[in-house]
Amino acid sequence: GENVEQHPSTLSVQEGDSAVIKCTYSDSASNYFPWYKQELGKRPQLIIDIRSNVGEKKDQRIAVTLNKTAKHFSLHITETQPEDSAVYFCAASKGYKLSFGAGTTVTVRA
Amino acid sequence: GAGVSQSPRYKVAKRGQDVALRCDPISGHVSLFWYQQALGQGPEFLTYFQNEAQLDKSGLPSDRFFAERPEGSVSTLKIQRTQQEDSAVYLCASSSSHGTDTQYFGPGTRLTVL
């Protein structure tokens with residue numbers, strides 16, 4: 001089955017700086033890559049997703065890039081704010097079954 | 001509109017007890033998923049329904065786990081003879097049509113088995 005690895009496991013950034021989280025996947029047939037944000041005790045919330053027919057997608061301060069050849073994709077958050085502090089999960093899918101990474105705990109220092 | 005809801009939010013069970021966890025998907029959503037999230041880990045797929053049909057149950061850890069969605073809306077995940085290793089957050093998600101659409105998650109049920 002699909003195996004998704006996510007790095008780093010923790011990330012501390014100064015407010016206003018950028019944060020980058022990287023994920024790799026094993027199944028070259030995967031074609032859908034969502035990113036979820038989960039605050040402590042809350043539900044995972046979709047923040048951005050990308051399908052394999054595009055290489056990059058941006059939504060305000062958040063962007064995702066996909067390299068199908070290398071089988072990796074990344075989340076970029078610019079101008080980080082304290083409310084960006086949370087656990088972020090990447091996932092990969094070739095159908096309905098999402099395979100998640102282990103998560104990255106992002107802390108934004110004021 | 002209302003999102004995915006789950007109940008109870010917290011459940012404490014003694015080892016050996018049976019539990020039932022409920023999921024109310026977004027109204028009209030055809031696809032429903034259950035995931036298990038261990039502490040400090042990402043969610044792991046358990047099972048998938050399209051309407052009332054359980055199309056994939058490959059992620060259920062043992063035959064003590066059973067899920068149903070008899071009328072194609074509300075779903076129940078049942079765990080029989082709970083064990084300590086069943087302690088986790090159980091997340092439900094739904095999507096509007098086919099399973100490849102965006103999945104919207106509920107808040108989860110935190111199960112603690114003593």
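Every value quoted in this text rests on a predicted model; they were computed, and no experiment measured them.
Counting heavy-atom neighbours within 6.0 Å of B/Arg9 CZ, excluding the residue itself, gives a total above 12. The environment of CD in B/Glu71 is sparse: at most 12 heavy-atom neighbours from other residues, nucleotides or ligands sit within 6.0 Å.
Grouping the Ile, Leu, Val, Met, Phe, Trp and Tyr side chains by contacts below 4.5 angstrom, directly or via other members, places A/Val20 apart from A/Tyr25. Both A/Val106 and A/Phe73 are part of a single hydrophobic cluster, where members link through side-chain heavy atoms under 4.5 Å apart. The hydrophobic clustering, which links ILVMFWY residues whose side-chain heavy atoms are closer than 4.5 Å, places B/Val4 and B/Leu32 apart. Two different hydrophobic clusters hold B/Trp34 and B/Tyr48 under the rule that ILVMFWY side chains link at heavy-atom gaps under 4.5 Å. Both A/Leu11 and A/Ile77 are members of a single hydrophobic cluster when ILVMFWY side chains are connected at heavy-atom separations under 4.5 Å.
Neither the backbone nor the side chain of B/Arg110 comes within contact range of chain A, judged by heavy atoms closer than 4.5 Å. Neither the backbone nor the side chain of B/Glu44 comes within less than 4.5 Å of any heavy atom in chain A.
Taking B/Glu68 as the reference, B/Lys78 meet the side chain to side chain donor-acceptor pair (under 3.5 Å) condition, with sequence neighbours excluded.
Contacts of residues 28-55 of chain A with chain B at a heavy-atom distance below 4.5 Å involve A/Tyr32, A/Tyr36, A/Gln38, A/Gly41, A/Arg43, A/Pro44, A/Leu46, A/Asp49, A/Arg51, listed in sequence order. Listed in order of number, the residues of residues 60-72 of chain A that approach chain B to under 4.5 Å between heavy atoms amount to none. Applying a 4.5 Å heavy-atom cutoff, the residues of residues 52-66 of chain B that approach chain A are B/Asp56, B/Ser58.
Shortest non-hydrogen contact noted between B/Gly42 and A/Phe89 is CA-CE2, 3.3 Å. Of all heavy-atom pairs spanning B/Tyr35 and A/Phe100, the tightest one is CE2-CE1, 3.8 Å.
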